[in-house]
Number of protein chains: 2
Amino acid sequence: MATTIKDIARKAGVSISTVSLVLNRRGYVADETRERILSIIEEMDYKPLHSARKLATQKTGNIGYILWEGHFSEVEMFYSQVFLGMEYAARKNDYYILLTTVNDHFDPRQDLPRFLQYNDVDGVALAGRVPLDLIHYLDKHAIPFVLVDYEVPGKNYNTIKIDNYNGAFRAVESLIEQGRKYISFVGGTFIHPSIKERYRGYKDALEKHGLLNNSYLETYSYCEDVETSRAIGEKGIKKLLKSRPEIDGVFCCNDTTALGVLSGIQSMGKTIPGDVAVIGFDDIPPAEFSSPKLSTVSVPKLDIGKEAYKLLYERIHNPNIMPQTRTISVDLVIRESSQTKNKP
Amino acid sequence: MATTIKDIARKAGVSISTVSLVLNRRGYVADETRERILSIIEEMDYKPLHSARKLATQKTGNIGYILWEGHFSEVEMFYSQVFLGMEYAARKNDYYILLTTVNDHFDPRQDLPRFLQYNDVDGVALAGRVPLDLIHYLDKHAIPFVLVDYEVPGKNYNTIKIDNYNGAFRAVESLIEQGRKYISFVGGTFIHPSIKERYRGYKDALEKHGLLNNSYLETYSYCEDVETSRAIGEKGIKKLLKSRPEIDGVFCCNDTTALGVLSGIQSMGKTIPGDVAVIGFDDIPPAEFSSPKLSTVSVPKLDIGKEAYKLLYERIHNPNIMPQTRTISVDLVIRESSQTKNKP
DNA sequence: CTGAAAGCGCTTACAG
DNA sequence: CTGAAAGCGCTTACAG
């Protein structure tokens, strides 16, 4: 019923091989023949059937996108945007992105995403923190994959990184330039390498400006070894503010935390940015709608997705290239929550 | 390299036809033979290759999920959750859900999602408001589809609806029972049928309790003919409150709007729920983290996804069934923003 | 209850 | 530059 390569061949008076050749832009076909075939394809609105092509080429045409379930279900819009970036990029090559989630108690024998079980993807993007066993599985089975915003210490995998260090450094420096002296860090678990890097940027900026005396870090940081949330932000800053009312700036490990910090500060009767300035990281959509609007380090999520796709694509079509890391740069966006101290 | 049906057949000493029969649980196969084949399949960890199976059966094994781009990029977590529900359900039948977006200026000749161009899906779920031309395309090409949280007046398509009317009715009734007398409606465009229904529920609840005098609706409602956002919520309630300071309750067309309403009320120096109570609709994640925590009508997003999948699945495997509408019921969740008036 | 054979719609050496 | 043929890994009538 749907038109097939045979219909095209018949109508063009050539063999299906020839049609296939022009379809795949390979081999030599007389210009005149090619034109004729092309116009017939156009005219009959012929589209090659994917499953047939896949069977013949032994490629799947699919790329998997695996996300820890918590990241998808929660307020976290971050990785959905990254996904969207991949989807955009994949359109050009007619790849499909299959999105699925894994959860914490991951057992490769039980919980393997079905597209992995059925060998139904040519490669996989892993978004954020994912189970190590999953990474090992991919590694062992030589399935091309790329880590997005995550890394495994001591291992050299294909990865897309965010420039966490410099983003954090610049954010904290801007607080210092505004005249802030007592700058807190509020964050979640350091299992996530991004958070660790942001903390490092925070520390180094303080050091560069000579603020980092003996017990600064212990005094002004609040980190809890759990996933980030508004809740820990709110809790953290309240605790800090109670013992250290002189705090006049906060750099948060991400926007989710920062949103909690905002409420925390306000609930203690302090003004933002009058009394204390706040900067987050990520630039998730709610950051624009908070009150005051959140200053943050903006991460180009769509670009990350695109880059992840590109790297994966190259890797799939050239399995011999060495694993590489690409770093995506970020931008400091000053909104309302971190204006200069003297003009609130 | 990967093990195929031939390997299994050889090892079991049968033909590939027989293996195929047990794989598909059809036809008669001697129990003893079946057992043997099954255990060999297990042992060799054999998985049939999807593309081969698809070629043979002329099915794609894919379902499309189409979302208006705005809904995906914005704060809107709603339809991502619905997607997740579909994905969960699809795992059981080894269907893949292909998620893509369309945008506003949709031209079926240009902007058709690639899985539609290539006939690569057995059916499609349309989430929320989508271009009419897209619906017409699917209808014309007899591609099974289901509308999720959307409907086309005068047309009888497969659809999953939210019980918007009753949810709204109950929410408003709860405000009335708390002693609220001047209850506003703040909302966005009525192009979205859900919002229209919620408004109807609001109106009927007022009427039932005899509150609906002549100009109540004109006086206390604020609706703007745009997509909902925090911004319109904030703007709307401020405007209403300025002319009508007696307002003591607000029912919002959704949580996004309600979040803006919360800020609006607070920025005018009024307390929630002391001075005015607020109820939203949807129960998106941020509703739990606002201050005060938002009372809302909770919509089971994962269930909606599951139900959409089921309906689509049935429709695909039995094209003759009549289009049907399934309504998902909702739950009123009272949190902090709508406590009783006398005990704030 | 089971096997031989045709077919699904492509691609890709291999001849010519 | 082009065609005939084999093959990708399955399913499905059809015999037996």
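These numbers were taken from a predicted model, which means no experiment stands behind them. Each chain gets a letter, A, B and so on, in the order its sequence line appears, and its residues count up from 1.
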Between B:Gln58 and C:dG7, is there a contact of a side-chain N or O with OP1 or OP2 at under 4.0 Å? no
Could you say whether B:Val14 or B:Leu55 is positioned toward the 5' end of DNA chain C, judged by the nucleotide with the nearest heavy atom to each? B:Val14
Using distance alone, with no hydrogens and no angle criterion, decide if B:Thr60 and B:Asp122 have a side-chain donor and acceptor under 3.5 Å apart. yes
A:Arg10 CZ - D:dA4 P separation (whole Å): 14 Å
Would you kindly give the CG-to-C1' distance between A:Leu49 and C:dT11, to the nearest whole Å? 13 Å
Whole-Å distance separating the NZ atom of A:Lys6 from the C1' atom of C:dC10: 10 Å
One thing to verify: whether A:Arg114 and B:Glu87 come together as a salt bridge, which I'm taking to mean a side-chain N less than 4.0 angstrom from a carboxylate O. yes
Check the distance between C:dC8's C1' and B:His50's NE2 and give it to me in whole angstrom. 17 Å
Please confirm whether the shortest side-chain N or O distance from A:Tyr46 to OP1 or OP2 of C:dC10 is below 4.0 Å. yes
To the nearest Å, how far apart are B:Ile5 CD1 and C:dG3 C1'? 13 Å
Classify B:Thr4 by what it touches in the nucleic acid, base, sugar-phosphate, or nothing, heavy-atom distance under 4.0 Å. sugar-phosphate
Mapping A:Ser20 and B:Thr33 onto DNA chain C by nearest heavy atom, which one lands closer to the 5' end? B:Thr33
Does any non-hydrogen side-chain atom of B:Leu138 lie less than 4.5 Å from one of B:Val124? yes
Starting at atom CZ of B:Arg36, determine the distance to atom P of C:dT2, rounded to an integer number of angstrom. 8 Å
side-chain N/O A:Thr18 vs D:dG3 OP1/OP2, d < 4.0 Å: yes
Could you tell me the Watson-Crick or G-U partner of C:dT2, where both distances fall under 3.5 Å? Say none if there is no partner. D:dA15
Rounded to whole angstrom units, what separation is found between the CD atom of A:Glu32 and the C1' atom of D:dC1? 12 Å
Value in whole Å for how far the P atom of C:dC10 lies from NZ of B:Lys54: 16 Å
For the side chain of A:Leu21, starting at C-beta, report the closest nucleotide among D:dA4, C:dC10, C:dT12. C:dT12
On the nucleotide C:dT2, are OP1 or OP2 found under 4.0 Å from the side-chain N or O atoms that B:Ser17 carries? no
Using atom types as modelled and distance alone, determine if a side-chain donor or acceptor of B:Thr57 lies under 3.5 Å from a backbone N or O of B:Arg53. yes
Before accepting this row, confirm whether a basic side-chain N of the pair A:Arg36/A:Glu32 lies closer than 4.0 Å to the acidic partner's carboxylate O. yes
